[in-house]
**Student:** 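One structure, pasted below without further comment.
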Amino acid sequence: MLDEDRNSVLNAIASLGVPKDLLHIPLSGAFYFQEMGGPAISTYWSGPEVAEQSNLIQKQRGEMFLVVNSVLSLAHLYARASSPGRHQKFDVTFLFFLKGFAQTAAAVNLLCRAGCYLDAFGLIRSLASRVNLLALFALGPHLFDEWLKWPKDKRFLDVNVRNELANNGITIFPHFYKQFSEVIHGQYQAIGELGYMEKGLFPKVVPIENKVLVASKLLFGVIGSVGLAALTLWPRQGFGQELKEEERLFVFIADKLLPPNRLDHIIVTIAEERHWKKTSEQNKLVIGEWFDQTEFRRQLDLFGRPSRAKELGNVYRKKKTNGQG
């Protein structure tokens, strides 16, 4: 990359609010993504105009790739040698999933640019399932090997994984899975809500594209939170300053790029009325559930304690000896 191009990219990242001393982190992730066949950096970070409020989709795409590339930057930490045990098991798990996550980010971007929103939402539904699995495997790293051997085991069904996480205080935008599952099955109400009846075969609909990019951005934020929590809570050697910088970057991302009170986020993260959940309290409904990274980190700490560690439900503790569910 020419110096002038590099400066343009740095200016683009800086315009999104990233502290100057942390610009190298998402930049390294972007270089890795591009060199491995991902989208060209210039297609989403072309200069400071990427942050212009007047172009919602340009800004949203720039933010999404900031989160994606920051997640990819964790790969070099996970690729380092670690001691046997839960650390090493989760290292393998994270790197295994990271390849698929990167492919999803590239595919969602291509589908949005082509106006193929329904397929993009199908990918997000798949992404949500894999993010749930990643969170579960962080709590119980032994499960990754069992999932590889018996992926159809009922313990790994989407609904059971979501319920087990919820039992431990962890929810990851469950209404994404519900609505986008309806899209996959071609249900009229769901596809109508996501632009299917707009004029033309490939209509460009800003609110729908915004929903795709925000949903992707939020789920990649979860991936980053899970990955960073494991690196931080399970002591390792030789990370030092690098890990501190990653933590500062993800604090910025959570505060500035993923806050629940931004209007462009609110309209995405409030569930459709048919997906509202009744609570035990009379006349109260849950209209949207966010991922709480502080609670996830607290739970991960409880599960990783050297003595009297918290455990998953009974069916997730018992190691299987055969492929029967």
**Student:** Starting at CG of Leu213, measure out to CZ of Phe65 and round the result to the nearest 0.5 Å.
**Tutor:** 8.5 Å
**Student:** Side chains of Glu246 and Leu231: closer than 4.5 Å at any heavy-atom pair?
**Tutor:** no
**Student:** Applying side-chain contact (heavy atoms from CB on, under 4.5 Å), can you list everything that pairs with Pro259, at least two apart in sequence or on another chain?
**Tutor:**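 Result, side-chain contact (heavy atoms from CB on, under 4.5 Å) vs Pro259: Asn261, Arg262, His265.
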**Student:** Report yes if some heavy atom in the side chain of Pro26 is under 4.5 Å from a heavy atom in the side chain of Leu249; otherwise report no.
**Tutor:** yes
**Student:** Starting at OG of Ser46, measure out to CG of Asp5 and round the result to the nearest 0.5 Å.
**Tutor:** 11.0 Å
**Student:** Tell me, do Val131 and Phe101 make a side-chain contact under 4.5 Å, heavy atoms counted?
**Tutor:**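 A side-chain contact under 4.5 Å exists here.
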**Student:** Quick check: are there more than 12 heavy atoms from other residues, nucleotides or ligands sitting under 6.0 Å from NZ of Lys310?
**Tutor:** yes
**Student:** Might you confirm whether atom CZ of Arg305 has over 12 heavy atoms from other residues, nucleotides or ligands at distances under 6.0 Å?
**Tutor:**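 Yes - once you tally the heavy atoms of other residues, nucleotides and ligands closer than 6.0 Å, there are more than 12.
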**Student:** Is Thr269 reaching over with its side chain to a backbone N or O of Glu289, donor-acceptor style, under 3.5 angstrom?
**Tutor:** no
**Student:** Under the rule for salt bridge (charged side-chain N to carboxylate O under 4.0 Å, His left out), what residues qualify as partners of Lys204, not counting sequence neighbours?
**Tutor:** Glu209
**Student:** Is there a continuous path of hydrophobic side-chain contacts, each under 4.5 Å between heavy atoms, that joins Val159 to Val315?
**Tutor:** no
**Student:** Quick one, Val68 with Phe220, criterion side-chain contact (heavy atoms from CB on, under 4.5 Å). Give me CA distance, side-chain angles, the key distance, then yes/no.
**Tutor:** CA-CA 6 Å; Val68 168; Phe220 270 91; 3.8 Å; yes
**Student:** Indicate yes or no: does Lys59 engage Asp264 in a salt bridge with an N to O separation below 4.0 Å.
**Tutor:**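 The answer is no: the pair does not qualify as a salt bridge.
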**Student:** Can you confirm whether or not the ring centre of Phe94 sits under 6.0 Å from the ring centre of Trp234?
**Tutor:**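 No, they do not, as the ring centres are separated by 6.0 Å or more.
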**Student:** Ion pair present between Glu295 and Arg298, side-chain N to carboxylate O less than 4.0 angstrom?
**Tutor:**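 Between Arg298 and Glu295 there is a salt bridge, with a charged N closer than 4.0 Å to a carboxylate O.
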**Student:** side-chain contact (heavy atoms from CB on, under 4.5 Å) for Glu272 and Gln189? Distances and angles first, verdict last.
**Tutor:** CA-CA 11 Å; Glu272 298 297 332; Gln189 184 172 4; over 6 Å; no
**Student:** Between Phe296 and Val226, is the side-chain contact (heavy atoms from CB on, under 4.5 Å) condition met? List the steps.
**Tutor:** CA-CA 8 Å; Phe296 177 81; Val226 171; 3.8 Å; yes
**Student:** So, taking the atom named CG in Asn160 and the one named CG in Leu165, what distance separates them when rounded to the nearest 0.5 Å?
**Tutor:** 11.0 Å
**Student:** Could you tell me which residues satisfy side-chain hydrogen bond (donor to acceptor under 3.5 Å, both in side chains) with Asn132, sequence neighbours excluded, listed by chain and number?
**Tutor:**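 Asn132 satisfies side-chain hydrogen bond (donor to acceptor under 3.5 Å, both in side chains) with no residue once adjacent residues are dropped.
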**Student:** Any donor-acceptor pair under 3.5 Å linking the side chain of Asn167 with the backbone of Asn163?
**Tutor:** yes
**Student:** Donor-acceptor pair, distance only, cut-off 3.5 Å: does the side chain of Glu182 make one with the backbone of Gln187?
**Tutor:** no
**Student:** Establish whether Leu257 and Leu228 are linked, either directly or via other cluster members, by ILVMFWY side-chain heavy-atom contacts under 4.5 Å.
**Tutor:**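 Hydrophobic grouping puts Leu257 with Leu228.
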**Student:** Would you give the length of the straight line joining atom CD1 of Ile124 to atom OG of Ser216, rounded to the nearest 0.5 angstrom?
**Tutor:** 3.5 Å
**Student:** Would you sort out whether Tyr117 and Lys211 count as a side-chain contact (heavy atoms from CB on, under 4.5 Å), showing the intermediate values?
**Tutor:** CA-CA 10 Å; Tyr117 302 128; Lys211 186 162 188 169; over 6 Å; no
**Student:** Working to the nearest 0.5 angstrom, can you tell me the gap between Tyr316 OH and Phe137 CZ?
**Tutor:** 9.5 Å
**Student:** Counting only heavy atoms not in Phe252 (residues, nucleotides, ligands), do more than 12 fall under 6.0 Å from its CZ?
**Tutor:** yes
**Student:** I'd like to know whether OH of Tyr196 has more than 12 heavy-atom contacts from other residues, nucleotides or ligands below 6.0 angstrom.
**Tutor:**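 It does not: Tyr196 OH has 12 such atoms or fewer within range.
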**Student:** Could you tell me whether the side chain of Arg297 reaches within less than 4.5 Å of the side chain of Thr294, counting heavy atoms only?
**Tutor:**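 In short, these two side chains do not touch, never coming nearer than 4.5 Å.
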**Student:** Can a donor-acceptor pair be found, under 3.5 Å and without considering hydrogens, that links the side chain of Asn210 to the backbone of Val206?
**Tutor:**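 Side chain of Asn210 to backbone of Val206, a donor-acceptor pair under 3.5 Å: no, none is there.
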**Student:** Between SG of Cys112 and CZ of Phe121, what distance do you get to the nearest 0.5 Å?
**Tutor:** 7.5 Å
**Student:** Would you mind checking if Arg80 and Glu242 are paired as a salt bridge, meaning a charged N to carboxylate O distance below 4.0 Å?
**Tutor:** yes
